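Below is one structure; the comments refer to it alone.
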Amino acid sequence: MKDLFTEIWESVRRNKLRTCLTGFAVSWGIFMLIVLLGAGNGLMNSFMRGSGEIATNTMQVYPGRTSKPYDGLKEGRRIELDDKDIELTSGKLFSKYVDAVVATVGANAQVSYGSKYVSGYIEGNYPSRKNMERMEVPYGRFINNKDIQLRRKVVVLPLNMAESLLGGEGGKASGAQLGHKLLGVEGDNSKVNPASLIGKYVKIGGLAWQVVGITKSDRTRNDNLFYAPFTTVKTVYAKGKAVDDFSFTFHGLDTKEANEEFEKEYRAAINLRHRAAPDDERALWIWNRFTQNLQMTKGTRILTIALWVIGLFTLLGGIVGVSNIMLITVKERTHEFGIRKAIGASPWNITKLILAESVSITAVFGYIGMFLGMLACQLLDKTVGQSSVSLMDDQIAMLVNPSVGLDVALEATLVLIIAGTIAGFFPARKAAMVRPIEALRAE
Amino acid sequence: MLIELKDVNKTYNNGQPLHVLKGINLSIDKGEFVSIMGASGSGKSTLLNILGILDNYDTGEYYIDGRLIKGLTEKQAADYRNRLIGFIFQSFNLISFKTAVENVELPLFYQGVSRARRHQMAMEYLDRLGLADWAGHYPNEMSGGQKQRVAIARALITGPKILLADEPTGALDSKTSEEVMQLLSKLNREDGVTIIVVTHESGVANCTDKIVHIKDGIIGRIEDNRAHNASAFGTATIMK
Ligand SMILES: Nc1ncnc2c1ncn2[C@@H]1O[C@H](COP(=O)(O)OP(=O)(O)OP(=O)(O)O)[C@@H](O)[C@H]1O
Ligand SMILES: [Mg+2]
């Protein structure tokens, strides 16, 4: 093994410039592959951020307007959901698939604490909402069943609201208007301790509510949504029987077809209750996380494949370069190979020499490219990854954690070894095939 | 018989077919010191290359130690070249980017001998040929005679049955030529190595015990030269 590397080193040393120039093409190829995949991952992570935090087997249902006349009623009529719809959903008819149903009801509200105030939207919710949306509650707790039963006046605030209620010592979050706070700076308020708000009372709509928990701010939205028990909000904001929307988790619907079938039946049942056409898709909006996710996964896969293809084609240039240089090397060394054969080198001995050299060049320069590529990903993370764009009033981070995992590094290593072998294959074969007597005659 | 050739034919087919060896019959015993002489183009090198399994022949039979050398795979041929045959060339054919000792080691490398062992053996052989001080030098730092002695050390290191030399003195002056020939005859006398030398030079041929004349692709006269008086230029020196 050591002898082999000595031989390779001897050969490479004699052609430093040539080797480096070719190696650069390989480095560039792998660099591009890693950066492309890293940026692609970042992009996908940022998409996922907006959607991936909700349990995937969830459907959210909210009312719309009828889009066709039915049962003697005209189109354009507004639908309102109420308790009966919840009963229907959780009832016998759909019990085969539907698990828990949780409704929400809410209103615009202003929260004040001392002299600070923040405008937001109070949403009455159930405890199970926490899991459905994979909410993280770093301080305190989320709404529990007792809150629901006793109609307690408790609220759970997102971190950014809590910080601005606690005051502006932190600088950027000062003032009541949080709406323009950038995403990347969350947590910069090192001087305010959000936990200190737990147990304190804030004023909402003239009433005192106790803060019981603080959730992580949702980077994808900026509308200061905060949570209270469903029953309390319903009572306080006197919504009667109406609900804003409701969500439920389901099971046993594993394919796109099964989901569509279920949605069709479900829509028909709800629509008929409201005297809307059973197939009126605008009367009732159904947002199915599961099918959405299926599509997202498909899209992600296509993107990844596309990036690999582009990266591999870039790499191909490097491989052709290495192959070329190995051909030149073989031609130059024909006489030497003749000598080696005359004193007992088998074809495989010669093949090994060329293949090993090819793989070594590819691997060494490939790793340099990979290393630089990962460095570039880090750089992306530190720059572009920290900025965000405003999209339809939502703040969206452009790239979230743009990097490639160990698996990709391993795959790239494999690609390099295969690439080196391919690059060296034809030159090596050529070297091994030439007959010793002809090789000796070569100059 | 160590070497037996029976009606060996060889034709080169690049463009115009050229029938170079037209039925060679030759036997050489173990321990013989033979030279092959003949006009330029008579097929001496062709014959030697066949003997050294560097080239193959078309028809006939070639035996080394009773083993038929025909239709070998490249791997087998490589193995025979490595273990049975030592080759010495007119142009030395040392690998330019390897030092003298590395060149001498190389055949052992292809036998899978360990690094330390083959280095030690290579040093021994270089020492025997008086080149111990030159072990670390590259070929382009050495004289023709030194290079040829390195090549001889390389040819000997595997302990081959046959030593083949194609005009080993062709690129050397008369003094060095004589040294090389004396070295070869010493190897033949003391170690019993079978040596076949191709040469134009009668002085070189005169150092050997048997002179085979080849003419128009067939073996002509075979001269017994154990008295070493065949040279037209005297017995003591090699004239150039
Ligand atoms: N590879 C080849 N292809 C075609 N013809 C060849 C080849 N090698 C040798 N010949 C021809 O075969 C004949 C014999 O060549 P060979 O080299 O054996 O002669 P030689 O006796 O060694 O001559 P010299 O004394 O000049 O070295 C020559 O006519 C030569 O031109
Ligand atoms: Mg010749």
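Per chain, numbering begins at 1; letters A, B, ... match sequence-line order. All values reported here derive from a predicted model rather than from experimental measurement.
Only the side chain of Arg14(A) comes within contact range of chain B, with heavy atoms under 4.5 Å apart. Looking at Arg83(B), there are no atoms closer than 4.5 Å to chain A (heavy atoms on both sides), in backbone or side chain. Using a 4.5 Å cut-off between heavy atoms, Glu105(B) does not touch chain A at all. Residue contact with chain A, scored on non-hydrogen atoms closer than 4.5 Å, is absent for Tyr80(B).
Contact count versus chain B (heavy atoms, under 4.5 Å) is highest, among Ala432(A), Ala439(A), Ala342(A), for Ala342(A). Comparing Thr73(B), Thr158(B), Asn49(B), Ile85(B) by heavy-atom pairs within less than 4.5 Å of chain A, the highest count is held by Asn49(B).
No more than 12 heavy atoms of other residues, nucleotides or ligands sit less than 6.0 Å from atom NZ of Lys331(A). Annotation: Trp28(A), atom CH2; neighbour count of heavy atoms from other residues, nucleotides and ligands within 6.0 Å does not exceed 12. Residue-environment remark: OH (Tyr138(B)) exceeds the threshold of 12 foreign heavy atoms within 6.0 Å. A 6.0 Å sphere centred on CZ of Arg18(A) holds more than 12 heavy atoms belonging to other residues, nucleotides or ligands.
Atoms CD1 and CD1, on Ile157(B) and Ile343(A) in that order, are 10.0 Å from each other to the nearest 0.5 Å. One finds the CD1 atom of Ile53(B) at 14.5 Å from the NZ atom of Lys341(A) (value rounded to the nearest 0.5 Å). The distance from atom CD1 of Ile95(B) to atom NE2 of His335(A), rounded to the nearest 0.5 Å, is 9.0 Å. Annotation: the span from Phe97(B) atom CZ to Glu336(A) atom CD amounts to 3.5 Å, rounded to 0.5 Å. Note that NZ of Lys98(B) and CD of Glu10(A) are 4.0 Å apart. Values are rounded to the nearest 0.5 Å. One distance of note links OH of Tyr110(B) with CG of Asn349(A); it measures 5.5 Å at 0.5 Å rounding.
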- Item | Test side-chain contact (heavy atoms from CB on, under 4.5 Å) applied to Glu102(B) and Thr6(A), step by step | CA-CA 11 Å; Glu102(B) 285 168 350; Thr6(A) 315; 5.9 Å; no
- Given side-chain contact (heavy atoms from CB on, under 4.5 Å), test Arg118(B) with Asp3(A) step by step and report yes or no. CA-CA 12 Å; Arg118(B) 61 177 197 254; Asp3(A) 296 307; 2.8 Å; yes
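Closest approach of Arg435(A) to Leu54(B), counting heavy atoms only: NH2-O, 3.9 Å. When all heavy atoms are compared, the tightest approach of Ala78(B) to Ala345(A) is CB-O, 3.5 Å.
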